[in-house]
Each structure stands twice: as structure tokens, then as C-alpha cells.
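Step one of this worksheet: look at the structure below.
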Number of protein chains: 2
Amino acid sequence: MTPENTRQKGSLKALAKELNLSITTVSRALAGYSDVAEKTRLRVVKAAADANYVPNSAAKMLVTGRSGYIGLTLPLRSEPFSDPFLGEFIAGLGEALAERGQDLLINTVAANQTEMQVLQRTVESGRVDGIVLTRIKEKDERVDFLRKRNIPFVTHGRTLHDHSDYSWIDTDGEFAFSHATDLLLSLGHHRIALFSITEHMMFRYVRELGVTQTLENSDSDASVTVSHVDRFDTDGCFAEALRVLRQPNRPTAILALTDDIALAVLDAASELGISVPNQLSVIGFGNIPQASVVPPGLTTFDQSTRTTAEQIGKVLMDSIDGKTVTQQQLIRPFLVSRGSHAAAPNVKSSA
Amino acid sequence: MTPENTRQKGSLKALAKELNLSITTVSRALAGYSDVAEKTRLRVVKAAADANYVPNSAAKMLVTGRSGYIGLTLPLRSEPFSDPFLGEFIAGLGEALAERGQDLLINTVAANQTEMQVLQRTVESGRVDGIVLTRIKEKDERVDFLRKRNIPFVTHGRTLHDHSDYSWIDTDGEFAFSHATDLLLSLGHHRIALFSITEHMMFRYVRELGVTQTLENSDSDASVTVSHVDRFDTDGCFAEALRVLRQPNRPTAILALTDDIALAVLDAASELGISVPNQLSVIGFGNIPQASVVPPGLTTFDQSTRTTAEQIGKVLMDSIDGKTVTQQQLIRPFLVSRGSHAAAPNVKSSA
DNA sequence: TTCCTCATCCGAAACGTTTTGAATCCGTGA
DNA sequence: TCACGGATTCAAAACGTTTCGGATGAGGAA
């Protein structure tokens, strides 16, 4: 049905010759400059459409110095396989970029190189107009590099110090875990366990802070014990949960830094015949797909990954366009209340 | 610690001047040609490393005609949000490409354009050396376009007709559903319902085929009724499941074309107080994260998305290198046997 | 000495755009 | 008739590579 006009050799030159015009004029006509007569502009546009003309990306890039690409480096393969976060994130990002005509360039680091090398090559080769960084560590050399290199970038998450002079979007983990702690306290829980992670990620820091600060500021005599587990090691999480739950004075509530960990905790509870939420409350973070179907339903926080990614895309676009100075945003996750939390057992003992 | 040599103005020209050599020689030295003296080669390589030189991507692209990018167009936003498939797929693909130094270029289609337009622009602008296509329809114009355009591409899935002259990797859905049907028959099920989808995707066709063919070829008098639902419309799936399960002679087993649908079916069964697997067997496809935690555990097929994506990457690389003719592969999913299937109730009635 | 070969290096073209600064054309007012 | 100005158009440079076809120089054979 459609013309199916399959060009092979595309170029302004060919178009120009066909139209008896100079390359300059054709180029400017297509770009919509006002110094080309309306009549010829129409001629050119029509011919271009007929010839199925699309400007060569490399040539344009070379002369304008802009590629139209945003760089994102993929997590290393050591990271977990089934990560719903990644798909969501990319989808959200892609959408924000598409509106402005940018595309997303994804680099995976090969076996024989480091993420920093990939990042450096990507930036120095002029492949990208901007960079998105995820999984920010408390101290992150990638941030230092990009800052020094003076290329637009936005991070998902932030470093512990010196995060005032670059743009970032972060999930307000402190708020979430503070909220969760308050919730547990109000339900009469006194012995709380926090399952945190071993990695030095910034989000670990703020989430732990949310718990400890809230506890300190409360007039409750509740206490929290912290475990540090490898969040990608399900067996390890499970084992630690078993250990904690077998203690004589076991906690009545467990806060898990991620839903994956919460899942392992639920498993362990089930293994030990501990009923959730009657004998144990569990609250996670992330609202992964499993959360809604695992019995009795995991109470957790939704971090609206997609929205966050869209925000990141927008801020980055602004930054590339030179429109704004640095922007920083803390996005509040919201509690998804399901069946895994309840009032503490033995409520009688509440002062 | 590191030199932190922040170049701003990179170019062969600068390097050449610094070394008192011609641009040609520097270029050829870095490329490892044999017509540059070993001694100067070492000098050049050292200087390049010191200067932190990375060749400009656009310039290279322009002259070589190769970008080093593989194109992947993202599903439209109408698709479901939480799709673990996408992340897996991109991760697998990225990994295969990284080994050969290719990167992944992701295009999202904006609101005012079609996927075909995006694809065409991407190809015609010379942005990519090859294309990966997913979600193949029974008849797919994208395949036709790429074939005509004569650019390397590999599809995940295949079209119904004429799929012999291009490269594809597909999941053997026919095998899986044939297997599942056999399994149900051997467990004594006579009334089977198949929950299929409304879209005209190629995978629908082959999965349905697996069921019907197996049934025809068996000497059982079992029958199958087919429902067509919108797989992204959870409520619709649920409603249809309710309808089917409320029938006087309701099926004793349900095959769901995807795990999402299976989840809705499990929900409906639970709503009606029908016990799975005692009164109803349910088998899905995809092995999404929920499958392992939803009670009583969803029996389903794992399609090893990551491996598939890696294969696609490899085949595409071969194709770009001109190494091979078309390659086609059917990857067998494997059954993940969990708690949602069992022998049919009323086994006495087996002839 | 002269010529040839080999090793090494280099100038210039080419890739397909965008953009600058100038050229051309036309009508109008003097 | 001539100069001027505005509206159009264009030639050429530039972006940073790769590569083709020599150029240069040294050493050895005739």
C-alpha cells in the first residue's frame, strides 16, 4: 500500500542535484530557516519526503557536537537476574526522552573492563549528550568524574557528602523507614529488627537513619537490632532470618531494607511456624510484583520507579538545554498496606 | 590518585602535533597497522594513553559507516508497567553485545509517532548496524521493512508465513503447550479450558496449536474450550475466569497463555472457593516472579529470557560481521513444576 | 655511481552535514 | 539610468576520523 520507496544512497547532495539547488539551501529549507522562499521550501520538503530522506546521524553529530543520546551504563552481571526495577526504569526514562527526541544509549561493561572505563570512553568519545547514573554509592567515583568532566548528568540517588552541586532525584528512604517505624511503634511493637544490607549504598544509609532517628526521637523504650545481609543472596537472608527468629526474645516486627529480603523473612517465619502478622509483622520496601501475591500480602513502600525515571529524564533534558541550574528532588514513596503487619502480640505489656 | 587528566579538546590532530607526526601515522599506529615502526607505535600509544585520548565516535562512524550500535525499539506505553521481561531481555542483550564492543540504542516511540516511523528513521539515519525486533505479530510490517531495506536484524519470535529467509530466535511455545496438555491428559483431565489472548501475536498462534494438535492426536475424548482475553486487563481476565468456573460443567484444568492470566485465574478460583490443585489445575507460561510465591505455587514454563536475549545478540553480531547466513533457533522452555496442578478430581470416571 | 626495494611516513580526499559570509537577483526610489 | 536594500541563494569551511596513493630515505645489488 505505502510507497515503499527504499532509498539506498541518501544525502543532501542527491536531493540538491535533483532540485537544482545548493546543498545549503536544501539543508536550510528542511531546517525551516526563514531565509529560504516559501515556495522552494515546499518543493524541498516534498522532494525530501518523496525520497524518504533522513539526515545522516553521524554527520550531523560531527558538526553539531550533539548526538541526541543519553547514556546509561547497565549494572554488572553480578546483580540479580530478575530485576523488575530495570525494565521500569528504562521504560520511564525512554518515555521522557522520546518527547524531546533523545534516545537512550545503553552500555554494558564487558568482562575485561570496569564500569569507570566504560563511562569514560562513552563520555570522551562524544557519544552522549548526558548521563544517567544509578545505584549511587555513599562515595562514588563516577559522580566525581562526571562533575570534573563537566557534562550534564543526573543521578538516581545521591552521594553521602557533596551532593549539593549536581542534579539528583532520590527516593526518600528516610521518610519511608521513619514512617514504618512510627507505624510499628504505634502498633505497640517494642522489639524491632532491621534487616539491612552489606553494600555501602547511599540508600542503605538513609533508610537506616530513618529507623534509628525515629526511635531516638520517640518516647518509646523500643529497641532495634540491625542485621546486615547480602540482598542478592536469598539463602543467606533466609538463614539470618532463621537465626533472628529463633532467639528467645525474638523481635515482634521486622523491617526489611528491600522486598527481596522481606520475602526471605516471610519464608523463614513460615518455616518456623511463626504466624504473620499475628506473631510477627514484616514491612518491606520496593513493592516488587511478588509483594501482592505472597501470603498474607506484604506491606511495603512503592517507590514509583517509572515516575522517578521520568523525572530524571526531564531534569537531564533541562540540564542539556542549559535551561536550569542543578535540581534536586526527594520523591516520597507511599505505604502499600497489605496483610503482613498488625498490632504487636501481648499488647497488655504496653506501658 | 589517578592522573585525572581531563582533556577537553580531543583530536588526532593535537596528538599528532605533540608527537611531531602526521595524523595518518598516529591513526594507523593506534589502529595497529604494520606499516608504522614499532618504536613510534609505542610512542604514540603512550602519548594517547597519557592524553586520555578516545576517538570521536561521530567522525569514526561517518567515515566507516558503522556506528557500533544495535537498535531496539521499546514497546509502547500501553504495555504493562511491571514487565520483568524487558529488564531481563535488555540485560541479556547488552551482555552479548558488550563482548563484541557494540552498544544498545533504545528508541521509545513518542506520542505523535508510530513504531514504524521510529524504526525507519533509526535505520535510514545510519544510527545502527543492526536491529532487534520483539513482540512479532503473525504478520509484521517491521519485518517486511527491514528485509527490504537489507539491514542485519534478528527477531525474537517469528512471523506466521515467510519466516524462512531471516534470522529469528523463538521460544518453542508449541512444544510447551503440547507438553502441558499431555501432562493434563495423563493426569486424567477431560475438560480443559485454554485462556488465550486477543492480540494477533505469533506466540498465541503456536501455543494454541500446541494444545489443539496434541488433543487431536491423543486417543482421549478430552475437550478444550478457548477463551480470548486481553492479557493486560487483569479485571477482564478475572471476570472471564469467574464466568468459566461458574459453569455447571466447569473445566478441571486451565491452561493460561501467560502467567499474568494464570494469576487472575488463581484469584478467581480462590474467590469461588475452588481449591487448587485439588479441584482445579492451573498451568501458566513465563515463570514470572509471582509464580513462585503465589499459593499454592504456580506450575509454569520458564522461557529463559536472558539466554534467549544473549542468543539473539550473538546471531545478530554474526550477521553484522557477515559471518553467516540466516540462523533460526527454537528454544525449549522447561516446565517448572509447582503446586498448582494435580490429578483430575473424580478419577473414577476415567474410561 | 645508479637503480631498486623495503620500511616508514605523510598529504589529501572522503564521509554528509551545518553554518558563515558573501554573491546574486529584483524592484524601487532618486 | 543608477544605486540601494531586501529577499534568496550559494560556495566553502569545518567537524575528526580513515584510507588511498604516493613520497621519502636508507641500504643493498648491479
Side-chain angles (χ1 to χ4, degrees), chain A residues 7-45 47-48 51-69 101 121-129, chain B residues 7-45 47-48 51-69 101 121-129:
Chain A
R7 273 177 346 92
Q8 204 62 302
K9 224 214 122 200
S11 67
L12 277 184
K13 201 180 337 184
L15 258 189
K17 188 185 297 179
E18 181 189 326
L19 289 165
N20 255 336
L21 286 172
S22 74
I23 294 182
T24 306
T25 304
V26 177
S27 172
R28 296 183 74 84
L30 290 175
Y33 278 74
S34 63
D35 66 353
V36 23
E38 181 65 10
K39 204 174 119 191
T40 58
R41 215 207 84 227
L42 290 175
R43 261 179 72 214
V44 172
V45 167
N52 221 333
Y53 171 76
V54 178
N56 178 284
S57 157
K60 191 179 211 164
M61 207 186 296
L62 184 58
V63 60
T64 61
R66 292 193 38 174
S67 64
Y69 304 147
R121 284 194 75 80
T122 303
V123 170
E124 302 288 7
S125 67
R127 259 181 255 270
V128 297
D129 301 333
Chain B
R7 272 176 347 91
Q8 206 60 299
K9 225 214 121 204
S11 68
L12 278 184
K13 201 181 332 185
L15 257 189
K17 188 186 297 179
E18 180 188 329
L19 289 164
N20 254 335
L21 285 172
S22 75
I23 293 182
T24 306
T25 304
V26 177
S27 172
R28 297 183 75 83
L30 290 174
Y33 278 74
S34 64
D35 67 353
V36 23
E38 181 65 9
K39 205 175 117 191
T40 57
R41 213 206 86 227
L42 290 175
R43 261 180 72 215
V44 171
V45 167
N52 223 332
Y53 171 76
V54 178
N56 179 283
S57 157
K60 191 179 211 162
M61 206 186 297
L62 183 58
V63 60
T64 63
R66 292 192 39 172
S67 65
Y69 304 146
R121 282 194 77 82
T122 303
V123 170
E124 303 287 7
S125 67
R127 259 181 256 269
V128 297
D129 301 333

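Below, chain A is the first sequence line, B the second, and so on; all start at residue 1.
When all heavy atoms are compared, the tightest approach of Asp129(A) to Gly65(A) is OD1-O, 4.4 Å. In this structure, Ile23(A) and Ala16(A) approach most closely via the heavy-atom pair N-CB, 3.8 Å. Of all the heavy atoms in Met61(A) and Tyr69(A), the pair that sits closest is CE-CE1, 4.0 Å. When all heavy atoms of Ser67(B) and Gly126(B) are compared, the closest pair comes out as CB-O, 4.1 Å.
One interatomic measurement links the two molecules: CE of Met61(B) to P of dG16(C), which rounds to 14 Å at whole-angstrom precision. Lys60(B) has its NZ atom 18 Å from the P atom of dG16(C), to the nearest Å. Taking atom CG on Leu12(A) and atom P on dC10(D), their separation rounds to 13 Å, with Å as the unit.
Recorded end-axis angle for the helix from dT1(C)-dA30(D) to dA30(C)-dT1(D) stands at 80°, based on five pairs per end and rounded to 10 degrees.
Not one N or O on the side chain of Ser125(B) forms a donor-acceptor pair closer than 3.5 Å with the backbone of Val54(A).
Side-chain contact annotation: Thr64(A) with Arg66(A), donor-acceptor N/O pair under 3.5 Å absent.
You'll find the side chain of Val44(A) stays beyond 4.5 Å of the side chain of Thr25(A), heavy atoms only.
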Exercise answer: donor-acceptor pairs, residues 29-39 of chain A side-chain atoms, under 3.5 Å, sequence neighbours excluded:
from, atom 1, to, atom 2, distance (Å)
Asp35(A), OD1, Arg28(A), NE, 3.4
Asp35(A), OD2, Arg28(A), NE, 3.3
Asp35(A), OD2, Arg28(A), NH2, 3.4
Glu38(A), OE1, Arg41(A), NH1, 3.0
Glu38(A), OE2, Arg41(A), NH1, 3.0

For nucleotides 5-11 of chain C, print each protein N/O atom paired with a nucleotide N/O atom at under 3.5 Å, atom names and distance only.
from, atom 1, to, atom 2, distance (Å)
dC9(C), OP2, Ala37(B), N, 2.9
dC9(C), OP2, Thr40(B), OG1, 3.0
dC9(C), N4, Asp35(B), OD2, 3.4
dC10(C), OP2, Ser22(B), N, 2.8
dC10(C), OP2, Ser22(B), OG, 3.4
dC10(C), OP2, Thr25(B), OG1, 3.0
dG11(C), N7, Thr24(B), OG1, 3.2
dG11(C), O6, Thr24(B), OG1, 2.8

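Distances shorter than 4.0 Å separate none of the side-chain N or O atoms of Tyr33(A) from OP1 or OP2 on dC10(D).
Along DNA chain D, the nucleotide nearest Leu62(A) and the nucleotide nearest Ala31(B) are compared for position; the residue whose nucleotide lies closer to the 5' end is Leu62(A).
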